[in-house]
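What you see below is based on every heavy atom in this structure, not just the backbone, and it leaves out hydrogens, waters and symmetry mates. In what follows, every chain begins at residue 1, and chains take the letters A, B, ... in the order their sequences are listed.
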There are 2 protein chains.
Amino acid sequence: MKIGELARQAGTNPETIRYYEREGLLQKAGRSDGNYRIYSSAHLSRLNFIRRCRNLDMTLDEIHTLLHYKDAPQENCGEVNRLLDEHIEHVARRITELRALESELQRLRDNCNDETRAASCGILNGLSETPLREGKTDCHVSGTHRWDDRS
Amino acid sequence: MKIGELARQAGTNPETIRYYEREGLLQKAGRSDGNYRIYSSAHLSRLNFIRRCRNLDMTLDEIHTLLHYKDAPQENCGEVNRLLDEHIEHVARRITELRALESELQRLRDNCNDETRAASCGILNGLSETPLREGKTDCHVSGTHRWDDRS
DNA sequence: TGAAACCTTAAAGCCACTTCAAGGTCAACG
DNA sequence: CGTTGACCTTGAAGTGGCTTTAAGGTTTCA
C-alpha cells in the first residue's frame, strides 16, 4: 500500500503521515523500486491509534508516551492512567473557561441590538470598559480558533 | 511611559506590545532620545481593548475589524454585531465538542482501574479499537493545549 | 507518446506569540 | 570616572501540528 492509499484508509492525508514519520511516531516505511513508501496493515493500525488519540485532543508528546507502552506491553500502565486523568482534567477545565467566556460574550452582545453608529454601539463601548480578567488557569485546552473557519 | 511600564499596566509583556505594533494593531509610539518607545494613556487604553478582546478569544483579525469601527465612530455597527454573533457560536460549538470529548475520555478511563501490565490495560486497548470519529465541525475553537502546561 | 495521477524532498507558511542573541542606554553606587 | 544592573533596541528563530508550495520523479492508462 502506498501513502495515498494509507491516507485514505486512515482518513487523513499523505503530508500528515510523512510528518508523523519525521516526528518518530510512525515507523519508517520500506520503499518500492521507484522510492515510494510501502505500508502494511501494521502501519495502518498504528496510524489509526495516533489519529484516535488526536481526535481526543492529545498532544503528539502524550501520544509518544502511549505508543511507548503499546510497544512495551510488559510494563506497568500506571503512567497511562495518570496521563488520561490529567488530560480529562484539562478538558474539563477548558469547558469551564469556555462557559464563562460564552456568558461574558452574551452579556456583551446584549448591549447592542440595533444597527446604530459605532460610537454608540454597546458592544464596542463594553469592550472599552470591561475589566481585564485575571487568572487564565494553567489549563492547556486552547482557544476558539483551532480549525479552519470555513463557516 | 516606556514599554516596560506600559506592559505592567496592561498586564502583558513588552514583546507582545512590539508584536502588536508590527501587526498594525497598535499605533507606532514616539521615540525618546535614546530610541526608546514612549507611550501615552491613549496607547494604554487601546492596548487594554486588544487584551480584552484576546481574553474573549478573538483572533487578531477580528480585533482589527473591531478597532476599525472604534476608529470610525460614524459608521454602522452591524458588522460588529455579526462578528460577535459568529464568535459566540464558535465558542458554543467548541463547548459541545469538548463535552463529547470529555465523556469519551471518561469512558476510556473507566476501562482501567488498576495498575496492570500495559498489554492488558483497558485504556490502551480501547484506544486501539475505538472507531475513528468523523465530523470535526467547522468550529474554530481550538484544542486542549493552548496555554502553558504549568500544572 | 503523452497526459494524468501519483509519489519524492525541502522549505515556508499558519497563529499569536515567546525566546534568543547581540548589543545600546541610563541611573545609581563606589 | 568606571562599572554594575535594569532596562531598552533589533532581527531571527522557535512553538505545535500540521498545510501549502515548489520543483521535480514514477507509474499507469489511452
Side-chain angles (χ1 to χ4, degrees), chain A residues 1-26 28-39 47 50-65 87 90 136 140-150, chain B residues 1-26 28-39 47 50-64 67 87 90 136 138-150:
Chain A
M1 172 169 40
K2 286 181 286 183
I3 201 167
E5 180 58 22
L6 178 66
R8 256 184 305 280
Q9 297 218 22
T12 177
N13 78 41
E15 287 78 10
T16 304
I17 295 172
R18 283 190 274 258
Y19 174 73
Y20 289 159
E21 182 185 303
R22 276 202 301 287
E23 295 300 299
L25 288 162
L26 212 52
K28 298 208 173 190
R31 297 297 179 120
S32 75
D33 281 359
N35 197 33
Y36 289 2
R37 288 173 180 81
I38 300 296
Y39 293 96
L47 177 56
I50 297 169
R51 294 307 301 168
R52 277 180 209 112
C53 293
R54 287 291 299 133
N55 272 342
L56 295 170
D57 247 339
M58 295 178 193
T59 61
L60 298 190
D61 250 20
E62 288 169 331
I63 298 170
H64 250 303
T65 301
H87 187 57
H90 285 313
K136 50 184 59 173
H140 66 171
V141 184
S142 71
T144 315
H145 305 275
R146 180 173 179 199
W147 292 310
D148 293 341
D149 195 356
R150 295 169 297 248
Chain B
M1 171 168 45
K2 285 180 286 183
I3 201 168
E5 180 58 22
L6 178 66
R8 257 185 304 280
Q9 298 217 22
T12 178
N13 78 41
E15 286 78 10
T16 304
I17 296 172
R18 284 189 274 259
Y19 173 73
Y20 289 159
E21 182 184 301
R22 275 201 303 285
E23 295 300 298
L25 287 162
L26 212 52
K28 298 209 172 190
R31 298 297 179 120
S32 74
D33 281 359
N35 197 32
Y36 289 3
R37 288 173 179 82
I38 300 298
Y39 293 97
L47 177 56
I50 297 170
R51 293 309 301 169
R52 277 179 209 111
C53 293
R54 288 292 299 134
N55 273 341
L56 295 171
D57 247 340
M58 295 177 191
T59 61
L60 297 190
D61 249 21
E62 289 169 331
I63 298 170
H64 250 304
L67 285 170
H87 188 56
H90 286 312
K136 49 184 59 174
D138 40 348
C139 166
H140 67 170
V141 183
S142 71
T144 315
H145 305 275
R146 180 172 179 202
W147 292 312
D148 292 340
D149 195 356
R150 293 171 297 251

So, taking the atom named OG1 in A:Thr65 and the one named CG in A:Leu60, what distance separates them when rounded to the nearest 0.5 Å?
11.0 Å
Side-chain N or O of A:Tyr20 less than 4.0 angstrom from OP1 or OP2 on D:dC18?
yes
Side-chain heavy-atom pair B:Tyr39, B:Ile3 within 4.5 angstrom cut-off:
yes
Please table the atom pairs, donor to acceptor, closer than 3.5 Å between any side-chain atom in residues 14-21 of chain B and protein atoms at least two apart or in another chain.
from	atom 1	to	atom 2	distance (Å)
B:Thr16	OG1	B:Asn13	OD1	3.3
B:Tyr20	OH	B:Arg51	NH1	2.6
B:Glu21	OE1	B:Arg37	NE	3.0

If you compare every side-chain N and O of A:Arg51 against the phosphate oxygens of D:dC18 (OP1, OP2), does one of them come in below 4.0 Å?
yes
Give a yes/no answer on whether the side chain of B:Arg37 brings an N or O atom under 4.0 Å of OP1 or OP2 in D:dT10.
yes
Pick the closest DNA chain C nucleotide for B:Leu60 and for B:Glu15 by heavy atoms, then say which residue is nearer the 5' end.
B:Leu60
Given atom CE of B:Met58 and atom P of C:dC15, what is their separation to the nearest angstrom?
18 Å
Output the rounded distance in Å from CD1 (A:Ile17) to P (D:dC18).
12 Å
Atom CZ of B:Arg8 and atom P of D:dA6: how far apart are they, to the nearest Å?
13 Å
Any side-chain N or O of B:Thr16 under 4.0 Å from OP1/OP2 of C:dA16?
no
Do the side-chain N or O atoms of A:Arg54 get closer than 4.0 angstrom to the phosphate oxygens (OP1, OP2) of D:dC18?
yes
If I take atom CZ from residue B:Arg52 and atom CE from residue B:Met58, how far apart are they, to the nearest 0.5 angstrom?
12.0 Å
Minimal heavy-atom distance between B:Leu47 and B:Leu26, with the atoms involved, is N-CD1, 3.9 Å
Angle between terminal axes - the helix from C:dT1-D:dA30 to C:dG30-D:dC1, 5 pairs each end, rounded to 10°:
30°
Whole-Å distance separating the OH atom of A:Tyr19 from the C1' atom of C:dG13
14 Å
Atom pairs under 3.5 Å, N or O on each side, protein against nucleotides 26-28 of chain D: can you list them with distances?
from	atom 1	to	atom 2	distance (Å)
D:dT26	O4'	A:Tyr36	OH	3.1
D:dT26	O2	A:Tyr36	OH	3.3
D:dT27	OP1	A:Gly34	N	3.1

Could you check how far CD1 of B:Ile38 sits from P of C:dT25, rounded to whole Å?
14 Å
Calculate, to the nearest 0.5 Å, the distance between atoms NE2 and SG belonging to B:His87 and B:Cys53 respectively.
9.0 Å
Quick one: is C:dT19 close enough that its OP1 or OP2 comes under 4.0 Å of any side-chain N or O from B:Arg18?
no
The test is side-chain contact (heavy atoms from CB on, under 4.5 Å); show your working for B:Ile63 and B:Arg54 and say whether it passes.
CA-CA 8 Å; B:Ile63 298 170; B:Arg54 288 292 299 134; 3.6 Å; yes
Can you measure B:Tyr39 atom OH to D:dC8 atom C1' for me and round it to whole angstrom units?
11 Å
Whole-Å distance between C:dC15 P and B:Asp61 CG?
7 Å
Does the pair A:Lys2 and A:Glu5 meet the rule for a salt bridge (charged side-chain N to carboxylate O under 4.0 Å, His left out), with working shown?
CA-CA 6 Å; A:Lys2 286 181 286 183; A:Glu5 180 58 22; over 6 Å; no
Separation of C:dA10 atom C1' from A:Glu21 atom CD, nearest Å, is 14 Å
How long is the straight-line distance from CD of B:Glu62 back to CG of B:Leu67, given to the nearest 0.5 Å?
12.0 Å
For the atom pair CD1 (B:Ile50) and CG (B:Leu25), what is the distance rounded to the nearest 0.5 Å?
4.5 Å
